[in-house]
**Q** 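Quick one: the structure is below, and I'll ask about it shortly.
Since this is a predicted model, take the numbers as computed values, not measurements. Labels below follow one simple rule: chain letters A, B, ... track the order of the sequence lines, proteins then strands, and each chain is numbered from 1.
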2 protein chains.
Amino acid sequence: MESEVAKLKTARDAFVSQWGALGSQWGINRTMAQIHALLMTTNDPLTTDEVMDELEISRGNAHMNLKELVAWGLIRVVVKKGERREFFEAEKDVWQIFTIVARERKKREIEPALTILNRCAEETRGMQSQEGKAFHHQMRELEDFVGFASKMSDKVSSMKHGLALQLATKLFS
Amino acid sequence: MESEVAKLKTARDAFVSQWGALGSQWGINRTMAQIHALLMTTNDPLTTDEVMDELEISRGNAHMNLKELVAWGLIRVVVKKGERREFFEAEKDVWQIFTIVARERKKREIEPALTILNRCAEETRGMQSQEGKAFHHQMRELEDFVGFASKMSDKVSSMKHGLALQLATKLFS
DNA sequence: CCATATTTTCAATAAATACTGAAAAATCAA
DNA sequence: TTGATTTTTCAGTATTTATTGAAAATATGG
């Protein structure tokens with residue numbers, strides 16, 4: 001019979017590997033998603049070398065992706081007294097994770113779209129032709145909708161976990 | 001002075017090109033996003049050859065991406081009487097576009113995540129060690145949250161545009 | 001200041017993804 | 001059934017993105 005320790009290792013490895021594969025779908029690179037998965041399921045903070053060993057990746061790769069995760073706010077640098085090396089630990093609260101990802105996606109996906117739509121709408125304002133009017137109208141429709149989504153994203157992200165859950169439950173029960 | 005027709009062409013080209021660039025961020029390939037942008041801002045349905053000419057892409061590329069957009073439901077095939085070729089036209093309603101994209105993202109991003117989380121949680125159920133319990137707990141937390149997001153996505157997608165807007169407005173005003 | 005540990009950078013390379021173009025298959029009208 | 005038109009497929013190629021590994025830069029303790 002397999003020991004609990006071995007089973008846990010298997011489960012964690014599966015999680016890390018598959019979360020990494022999912023990362024691609026999310027527009028996050030595989031290694032970044034794997035490191036995040038690893039740290040989310042590790043109690044003690046890890047060093048760069050431990051991450052390298054665990055995922056069998058190069059130092060450069062580990063370093064770049066750790067820094068990127070820190071920049072997102074999904075992991076933190078931990079300093080241990082008497083230790084020269086840096087340690088990394090993940091934010092584990094799901095609502096925090098969600099709001100961080102939502103904020104990042106808004107920045108990358110929603111805001112640039114708004115900029116484009118606004119510019120295209122402005123440049124075609126007051127056009128006389130049927131074609132021009134139709135284009136302008138379509139740009140405005142998209143702009144309104146994306147702008148609305150942007151505001152919704154802000155509102156939801158700024159809520160506390162409990163409140164959001166409560167609200168949603170009431171709404172849809 | 002530039003004619004309105006010329007200005008419109010410039011605006012549309014900018015939209016197509018930049019919407020395509022945005023597509024990458026969204027996990028949609030550039031050409032697919034460009035074709036979608038082109039058809040969203042064109043009144044009359046276009047043939048494969050017109051799309052090829054407009055975007056300066058190969059037949060294979062145009063064909064594949066048109067079919068993919070049809071599979072998503074973002075564009076439709078139109079048959080004109082007396083015409084042997086197929087024409088394509090885009091869904092222009094923003095709420096429709098949103099629900100289609102939301103459904104597709106749920107399928108690609110949320111459902112596979114749920115499967116992974118559920119399996120990892122099940123495989124570590126009842127573990128005795130501190131580490132095992134912590135892992136199991138983290139998987140459950142993530143599973144609950146993602147499951148909740150999945151339900152929310154369904155509910156919102158099934159609403160009519162007006163209703164969703166009204167609801168959201170009331171909520172956040 | 002020196003020796004050593006650690007972090008950071010980045011050119012070269014590998015891997016993944018998208019695109020082309022031409023051939024094959026399917027469709028249609030006569 | 002034939003020949004012309006249109007759609008579909010896909011091997012080869014190009015482009016983009018991710019990763020390596022080693023050198024350079026930085027930080028630390030003595």
Side-chain angles (χ1 to χ4, degrees), chain A residues 16-39 45-72 75-89 104 108-109, chain B residues 16-39 45-72 75-89 104 108-109:
Chain A
V16 167
S17 137
Q18 290 173 98
W19 202 253
L22 251 185
S24 314
Q25 300 301 93
W26 283 70
I28 289 165
N29 86 44
R30 204 180 67 240
T31 305
M32 188 168 152
Q34 284 183 344
I35 296 177
H36 185 227
L38 177 65
L39 291 175
L46 301 182
T47 61
T48 301
D49 286 77
E50 286 168 326
V51 170
M52 287 167 61
D53 290 349
E54 189 67 41
L55 304 180
E56 300 181 39
I57 58 175
S58 71
R59 179 173 308 283
N61 195 9
H63 176 79
M64 294 292 223
N65 284 293
L66 281 165
K67 290 290 135 164
E68 186 72 6
L69 282 163
V70 170
W72 278 49
I75 69 175
R76 284 178 289 272
V77 176
V78 178
V79 276
K80 289 192 183 183
K81 52 183 172 184
E83 271 286 4
R84 197 162 150 184
R85 296 168 301 172
E86 288 184 328
F87 289 73
F88 300 90
E89 74 174 5
E104 201 67 28
R108 297 169 151 222
E109 302 178 356
Chain B
V16 167
S17 138
Q18 290 174 98
W19 201 253
L22 250 185
S24 313
Q25 298 302 93
W26 283 72
I28 288 165
N29 85 45
R30 202 181 70 238
T31 305
M32 188 168 152
Q34 284 184 344
I35 296 177
H36 185 227
L38 176 65
L39 292 174
L46 301 183
T47 61
T48 301
D49 286 76
E50 286 168 328
V51 171
M52 288 167 58
D53 290 348
E54 188 68 41
L55 304 180
E56 299 181 39
I57 58 176
S58 70
R59 179 173 307 282
N61 195 10
H63 176 80
M64 294 293 222
N65 284 293
L66 282 165
K67 290 289 136 164
E68 187 71 7
L69 283 163
V70 170
W72 278 50
I75 69 175
R76 283 179 289 274
V77 176
V78 177
V79 275
K80 290 192 181 180
K81 51 184 174 182
E83 271 287 3
R84 196 164 151 185
R85 296 169 301 172
E86 288 184 330
F87 289 74
F88 300 91
E89 75 174 2
E104 202 66 28
R108 296 171 152 222
E109 302 178 356

**Q** Please determine if A:D49 and A:R85 form a salt bridge, counting it only when a charged side-chain N lies under 4.0 Å from a carboxylate O.
**A** no
**Q** Can B:H36 and B:W72 be said to form a side chain to side chain contact (heavy atoms under 4.5 Å, CB included), step by step?
**A** CA-CA 11 Å; B:H36 185 227; B:W72 278 50; over 6 Å; no
**Q** Tell me: CD of B:E56 to P of C:dC19, nearest whole Å?
**A** 14 Å
**Q** Atom CG in A:N61, atom OG1 in A:T48: separation rounded to 0.5 Å?
**A** 11.5 Å
**Q** Tell me: CG of A:L66 to C1' of C:dT9, nearest whole Å?
**A** 15 Å
**Q** C:dC19 phosphate, OP1 or OP2: any side-chain N/O from B:N29 under 4.0 angstrom?
**A** yes
**Q** Treating A:E50 as the side-chain partner and A:T47 as the backbone partner, does any N or O pair qualify as donor plus acceptor under 3.5 Å?
**A** yes
**Q** Could you check whether any side-chain heavy atom of A:V51 comes within less than 4.5 Å of a side-chain heavy atom of A:F88, counting everything from C-beta outward?
**A** no
**Q** Between P on C:dT6 and CD on A:E50, what's the gap in Å once rounded to a whole number?
**A** 12 Å
**Q** Is B:T31 touching bases, backbone alone, or none of the nucleic acid, heavy atoms closer than 4.0 Å?
**A** sugar-phosphate
**Q** Is any side-chain N of the basic residue among B:K80 and B:E86 closer than 4.0 Å to the acidic one's carboxylate O?
**A** no
**Q** In whole angstrom, give the distance that lies between atom CD1 of B:I35 and atom P of C:dA18.
**A** 13 Å
**Q** Give the rounded distance in Å between these two atoms: CG of A:N65 and C1' of C:dT7.
**A** 15 Å
**Q** How does protein reach along nucleotides 5-16 of chain D, written 5' to 3' as B (base within reach of a heavy atom under 4.0 Å), S (only sugar-phosphate), or - (no contact)?
**A** BSBBBB------
